[in-house]
Amino acid sequence: MTIAKPDFIEGIAKGMAVLESFDTERQRLNATLAAERAGLTRAAARRHLLTLAHLGYLETDGSYFWMAPKVLRFSGSYLASSRLPRALQPTLNRLAAQTQESFSAVVLDGEEVVIVARSGSYGAPTRVLAYGLHLGARLPAHATSTGRVLLAGLGTAELSQWLKGRTLPRLTPHTITKTSVLRQRIAQARKDDFCFASEEHELGVQALAVPLRDMQGHTVAALNVVLSGSHHNEETLRRDMLPLLFEAAREARALL
């Protein structure tokens, strides 16, 4: 969204930049680290950290700061009020009960994808994944089946802008790190209308994803099944799971 300069509140933007500086790599930050991550001076970062702590969004020991449970109010409000998770939850539960596998609905947020709804696992033991499959979990878009499906839904100019100058971190020996190769995989996902990814963001994990479109044909999310533990044959997954995913996507379209 583009707004007029007089409508832009710089203080809020800086405060959010400081809050977004916390992630799985850096759960605790001091003023110097927050300044580096948010692109602010140390003095400005310190003021924002202290204000966020005063408001209850951060906790501190006097030197370092970390997120407080109050930040979950944002995610809780989203999950309670957003139409997308509520509309898809019954479909995810039905698929999980039918197959004893785990399914998720995922959206694109910058360079990452975010899980906004997920099923439980019915009857099958689920290995704890290093990157997590909980609500709100963020995964690298370039290394996930859902990420490529969502990127395939972008227009040509949008995709080029997303890829421009982007570094693709290597997470496993199988991760694609060349932009040209990723562009080819995205093009293939657009042609196939699905994407399979194997051990690219975590070893021993395979995933199959399809786009979720609204009635206007816009890709608004991705639906995927994630399997872990042992290696799964792509052809078998496509045969057994892809028809279920496509059918679920068709059913969900009227709800989106």
Side-chain angles (χ1 to χ4, degrees), residues 1 84 88 92 102-118 129-133 137-228 231-239 241-250 252-253 256:
M1 179 181 179
L84 183 63
L88 294 175
L92 299 177
S102 294
F103 294 79
S104 301
V106 180
V107 297
L108 183 66
D109 183 21
E111 64 184 22
E112 298 173 312
V113 292
V114 184
I115 297 176
V116 296
R118 73 177 300 269
L129 306 183
Y131 282 86
L133 285 178
R138 308 179 73 88
L139 306 174
H142 75 283
T144 57
S145 61
T146 50
R148 290 176 196 167
V149 161
L150 292 167
L151 290 171
L154 299 179
T156 303
E158 287 180 288
L159 178 59
S160 295
Q161 184 62 36
W162 192 93
L163 292 170
K164 185 178 180 181
R166 186 172 298 280
T167 300
L168 306 178
R170 182 179 297 281
L171 304 172
T172 77
H174 307 287
T175 306
I176 291 174
T177 58
K178 292 184 178 180
T179 303
S180 58
V181 178
L182 178 61
R183 187 186 288 274
Q184 292 172 3
R185 297 295 178 86
I186 293 170
Q188 189 64 47
R190 184 182 296 115
K191 177 182 178 181
D192 295 338
D193 212 29
F194 72 87
C195 180
F196 173 78
S198 179
E199 300 188 292
E200 291 194 45
H201 84 272
E202 185 173 347
L203 293 175
V205 177
Q206 292 83 39
L208 188 65
V210 300
L212 292 172
R213 298 187 177 94
D214 59 20
M215 293 300 289
Q216 287 72 46
H218 302 133
T219 299
V220 298
L223 170 65
N224 80 333
V225 57
V226 176
L227 302 103
S228 63
H231 186 75
H232 297 271
N233 181 273
E234 179 179 357
E235 292 302 318
T236 301
L237 282 179
R238 289 173 59 177
R239 182 194 67 209
M241 294 293 180
L242 201 54
L244 297 177
L245 292 174
F246 279 145
E247 181 60 27
R250 283 192 292 270
R253 188 165 188 169
L256 305 178

Asker: Which heavy atom of Ala222 sits nearest to which heavy atom of Leu150, and what is that distance?
Answerer: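 Heavy-atom minimum between the residues: N-CD2, 3.8 Å.
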
Asker: Is the shortest side-chain heavy-atom distance between Leu92 and Leu223 below 4.5 Å?
Answerer: yes

Asker: Kindly compute the distance separating CG (Asn224) from CG (Leu139), expressed to the nearest 0.5 Å.
Answerer: 9.0 Å

Asker: List the steps, then state whether side chain to side chain contact (heavy atoms under 4.5 Å, CB included) holds for Glu235 with Arg238.
Answerer: CA-CA 5 Å; Glu235 292 302 318; Arg238 289 173 59 177; 3.6 Å; yes

Asker: Have a look at Val210 and tell me which of Leu242, Leu244, Asp193 forms a side-chain contact (heavy atoms from CB on, under 4.5 Å) with it.
Answerer: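 Of Leu242, Leu244, Asp193, side-chain contact (heavy atoms from CB on, under 4.5 Å) with Val210 is met by Leu242 alone.
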
Asker: At their closest point, which heavy atom of Ala105 faces which heavy atom of Leu88, and how far apart are they?
Answerer: CB-CD1, 3.5 Å

Asker: Which distance, rounded to the nearest 0.5 Å, do you find between the CZ of Phe196 and the CE of Met241?
Answerer: 11.5 Å

Asker: Checking Gln188 now: which residues fulfil side chain to side chain donor-acceptor pair (under 3.5 Å) with it, not counting sequence neighbours?
Answerer: Asp192

Asker: Run Leu159 and Arg190 through side chain to side chain contact (heavy atoms under 4.5 Å, CB included) and show every step you take.
Answerer: CA-CA 12 Å; Leu159 178 59; Arg190 184 182 296 115; 3.7 Å; yes

Asker: Leu182 and Ile176: which non-hydrogen atoms are nearest, and at how many Å?
Answerer: N-CG2, 3.8 Å

Asker: How long is the span from the CG atom in Leu256 to the CD atom in Gln216, to the nearest 0.5 Å?
Answerer: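 Between Leu256 CG and Gln216 CD, I get 10.5 Å after rounding to 0.5 Å.
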
Asker: Closest heavy-atom contact between Ala207 and Val226?
Answerer: CB-CG2, 4.1 Å

Asker: Once you round to the nearest 0.5 Å, how far does CG of Leu84 lie from CG of Leu212?
Answerer: 7.5 Å

Asker: Measure from the side-chain N and O atoms of Arg118 to the backbone N and O of Phe103, and report whether any donor-acceptor pair falls under 3.5 Å.
Answerer: no

Asker: Measuring from Arg183:CZ to Leu151:CG, what's the distance to the nearest 0.5 Å?
Answerer: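 The CZ atom of Arg183 sits 10.5 Å away from the CG atom of Leu151.
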
Asker: Kindly list each side-chain donor-acceptor pair under 3.5 angstrom involving residues 163-172, sequence neighbours excluded, with atom names and distances?
Answerer:
from: Arg166; atom 1: NE; to: Trp162; atom 2: O; distance (Å): 2.6
from: Arg166; atom 1: NH1; to: Glu111; atom 2: OE1; distance (Å): 3.2
from: Arg166; atom 1: NH2; to: Trp162; atom 2: O; distance (Å): 3.1
from: Arg170; atom 1: NH1; to: Pro173; atom 2: O; distance (Å): 3.4
from: Arg170; atom 1: NH1; to: Thr175; atom 2: O; distance (Å): 3.4
from: Arg170; atom 1: NH2; to: Thr177; atom 2: OG1; distance (Å): 3.4
from: Thr172; atom 1: OG1; to: His174; atom 2: N; distance (Å): 3.0
from: Thr172; atom 1: OG1; to: Thr175; atom 2: OG1; distance (Å): 3.4
from: Thr172; atom 1: OG1; to: Glu199; atom 2: O; distance (Å): 2.6

Asker: Output every pair passing side-chain hydrogen bond (donor to acceptor under 3.5 Å, both in side chains) with a member in residues 139-161, not counting sequence neighbours, ordered by first then second residue.
Answerer: Arg148-Glu200

